[in-house]
Amino acid sequence: MKEYNFREIEKKWHQRWVESKTYRVVEDETRKKFYVLNMFPYPSGAGLHVGHPLGYIASDIYARYKRQQGYNVLNPMGYDAYGLPAEQHAIKTGQHPEISTFANIDHYREQLDKIGFSFDWSREVRTCTPDYYHWTQWAFQKMFNSYYDEELQKAQPIERLIERFKAEGCWPESEQEQSDLLMNYRLAFMGETMVNWCPQLGTVLANDEVVNGVSERGGYPVEQKKMRQWCLRVSAYSQRLLDGLDTIEWSDSIKETQRNWIGRSEGTEVEIKVEGQDVDFTIFTTRADTMFGVTFFVLAPESELVNKVTTAEQRQGVDEYIKYVKSRTERERMIDHTVTGVFSGAYGINPITGDKCPIYIAEYVLAGYGTGAIMAVPAHDSRDYAFAKHFNLPIVPLVEGADVSEESYDAKEGIVTNSPVSEEKSVLYDGERLCLNGLTIKEAIAETKRFVKAHKLGRVKVNYRLRDAIFSRQRYWGEPFPVYYKKGIPTMIPEDCLPVELPAVEKFLPTETGEPPLGNAQIWAWDEQNRKVVDKSLIDEQTVSPIELYTMPGFAGSSAYYLRYMDPKNTEALISEKNANYWQNVDLYVGGSEHATGHLIYSRFWNKFLFDLGVSKKEEPFQKLINQGMIQGWSSFVYRLQGTQTYVSYDLLEVRYDNAAKKNRYFYNDVEADPIYADISTVSGNQLDTEKLRQWMPEFEEAEFVLNQQGQYIIGQAIEKMSKSKYNVVNPDDICENYGADTLRLYEMFLGPIEQSKPWDVAGIDGCFRFLKKFWALFWDKEGMLTVDDSEPSADSMKTLHKLIKKVSADIEAFSYNTSIPAFMVATGELSQQKAHSRKVLEPLVALIAPFCPHIAEELWEAIGATAKSESVCDAEWPAFDEKYLVESSVTLGVQFSGKVRFSMAFPADATPQQMIDQVMQAEESQRYLKDKTVVKQIAVPGRIVNIVVK
RNA sequence: GCCCAGAUGGCGGAAUCGGUAGACGCGUUGGUCUCAAACACCAAUACCGCAAGGUGUGCCGGUUCGAUCCCGGCUCUGGGUACCA
């Protein structure tokens, strides 16, 4: 038999695809488009691991399938090339980050090419190249020059706002004041905001880059700091970001995550007067029904009101408290929820009851949400309750039957009472008093809103948790801002001078004076007259001004890359009108769910802005989203006795659970052993190759091992995310080498549902490889000659084929690849049994497997001299399903007695229920189940079941 | 705490409409081939039982002729989020 020589086959077709530009995509108005996209990778030094291709393979199968259906499929790939690891590598080695980044990209490309993707590499983008970040800078400038018009609910040119200010007579004289005024409206603006400052990384971080109070990358502590930063007014789009979720096909869980992140809450703002002072403040509440239960007010420590309100006697205490709050890191605040706070000395007046209530300052109220001030209702809010108990403040229950002696009653269910307790406790407004007694909580909220609105005590307000994104970073390896400071006023470098290229620097660390790394750049000033970047020494504060030293964050370049693929070489625009109209938006986007509150929010925001500008043609960038699960790695541990070079086999250790640290600790003769990662290459099964470990890293050279009785060193194992630092990365290269790309593709899909995370396990890979060999064998006889002929296929073969077409088509549409591979296996077995050699069966079979295993498909397509006109199987028509081949004359069904299946029986396909029942009642097998029994009921559903209920 | 998803053999996982639970692969066992091993191929494989038969989709209950699937109540696991008023 002709051998399945995958190495030769795959090499041949990789060359062929490159030579004949098989995957080049050209806009073609006569064909329907389909846009498939993968989240582009960050090219890390560790290279591609087996987790990366999971999503790429899934989308490649879909792309190839759509292409065989006749769609013009755009399936591009590129690199998210700016990032912290490259910068840190540069700091360590002094080598420019571009060098390591490009080297990593080359390595990625080499690995990707082995797997046989149908990417159109002519459209590759890299976020760090000037021709790409030109348009990142351009979009930033557009945002700077736009504001969000609340009436039109869309972005508008800032000039319109200026005209309006002029018309209303509130346009200031000085340039500085004009700039300050507009900064409150621009979609990209400079703001003095509390930022997540990471001292170790020397930069600010966005909310989604902070996880559990430490930086996502590196895990360094993060503190709150007030800084002037570039921000994007993402919050302006809150409602549209929320509404858009209903129009896209994403998983419920990721939509829900985004809804929570946007955090819309409808509530009421109420104005509170401070007793004896000419100050009021506004509180926000979603529980307007509890106005009668307010016993104190609380301000956030960062609130500007704190200073105004604090009385002289309390000044010292308040100052000390503020100092204490500032000293706490984000992390400490998150972990430690002990009640802290201080009395300001002032009292606020409850406009509904007329009561005066003390105003406290406490860190449990956040400055960034609502108005930074709350009314506290300890009876019905657990946080207020804890605070009231701690400071001995009164607790007034307002819901019938609510017992608040032990804890607050937070539920929004029940009948309102005590509201008001008496007439004196309710202020008269225009002859009306608010009275909520007897209403449900829902009704009471609505009634209070009406009352507050009617008597101008406040307003109904919708708040969003979503914050504006901080858009500057104190780093080198990012997009430079196309901004200079003319007399201190941020000014845009003219659009036609873009891109402003990242300048060269000697050192990638911040300067000695604490400026960001770009402070090291000598040629970094803007000459207005000559319209170019010049040496800093020329700065004269007239026509030559300093350029921004910040760079843009990681999400800048990744927010609109999908648009650039539509027209990657365009030097005049981000995309041409023609290409934008043709490709519209991404039909299928594949990537990890970990981007739910980062990239996938920023991208939607960015696209909505470009949509308002008319550049993007669809309001939502990604119509359908599939989140591939993570492929986890098996991490291996060896256990080193503390203070020694002795490593003890896992099975000899005593494991104790440390409740305080919430982790296991290991002991050998009461000496503690620390788990240390060992590289998976030093391990086979659960045993360590001690020699390999000694050679792996110098720190193990002197290692001594305590082995178990069998003379083995057993390792500890854990399933974790694949990561370089855990030494559990399995790369796809070895699999390609040993089994071929087609087997790898098949196996990764066969592993389980695409959206599910699962540990990498090579155990089943042989099964996939065997299948491909069997599939290959369908086409050749013992002498290695083709067996394909032009004979008429048997009915059985046609049935097998069409069953397969139906199953595979439905599976691909549903991204359920793991179930279509078994279908191929079964069909292959059947066709082999049937000795099917007819071209009419085998040719469609090759077309069916092409999306999964393109190499073997191409080879067979060529070998059998496919009659279909397409040169490459990539363009082979997707076989049409025909029901007629599946029509059966009889149907075999399970026969149930009292709901229990007893035997199976063949029925004519067109039998009526009565005929089926009759047939069962007369059947010999039935008699034993009918004996001595009474028939209670007879049910038959054609094609489904027969059930005879007996007693 | 809140939100979301899930729980099926020794393992990964099928069952897409409420109708024969366990497809397919791995593993295991037996066999063929071989001097032998590997490869390959064939057969068996949910559990208990010699068998007839019985029990089985995390647990308890419900709806139904019939429930892995629908409803109510739990338990556990994974993920997200967390002073958001």
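Numbers restart at 1 for each chain; the letters A, B, ... are given by sequence-line order, proteins then strands.
Each of B:C26, B:U20, B:C24 was ranked by its minimum atom distance to the side chain of A:Val826; first place goes to B:C24. Taking only side-chain atoms of A:Gln896, from C-beta outward, the nucleotide of B:U16, B:U20, B:C83 with the closest atom is B:U20. Considering only side-chain atoms of A:Arg465, the nucleotide from B:A40, B:C65, B:U81 that sits closest is B:U81.
Heavy atoms of A:Leu751 sit under 4.0 angstrom from primed sugar atoms or phosphate atoms, though from no base atom. Within 4.0 Å (heavy atoms only), A:Arg928 reaches sugar-phosphate atoms of the nucleic acid but no base atom. Counting any heavy atom pair closer than 4.0 Å across all strands shown, A:Glu256 reaches sugar-phosphate atoms only and no base atom.
The side chain of A:Arg770 places an N or O atom within less than 4.0 Å of a non-bridging phosphate oxygen (OP1 or OP2) of B:C26.
Between A:Ile283 and A:Phe281, some side-chain heavy-atom pair lies under the 4.5 Å cut-off.
Judged by Watson-Crick or G-U wobble contacts below 3.5 Å, the nucleotide B:A43 has B:U29 as its partner. When both distances must be under 3.5 Å, the Watson-Crick or G-U wobble mate of B:C24 is B:G12. Figure legend. B:C2 is base-paired to B:G80; pairs are counted as Watson-Crick or G-U wobble with both atom distances under 3.5 Å. Here B:C65 sits opposite B:G19 as a Watson-Crick or G-U wobble pair (both hydrogen-bonding atom distances under 3.5 Å).
Following rounding to the nearest Å, A:Asp761 (CG) and B:C26 (C1') show an atom-to-atom distance of 8 Å.
Using cut-offs of 30° and 60° on the angle between ring planes, the pair A:His595 and A:His599 is perpendicular. Between A:Tyr4 and A:Phe769, the ring planes lie tilted relative to each other; the angle falls in the 30° to 60° range.
Checked by atom type, the side-chain pair A:Ser235/A:Ser238 shows no donor-acceptor distance below 3.5 Å.
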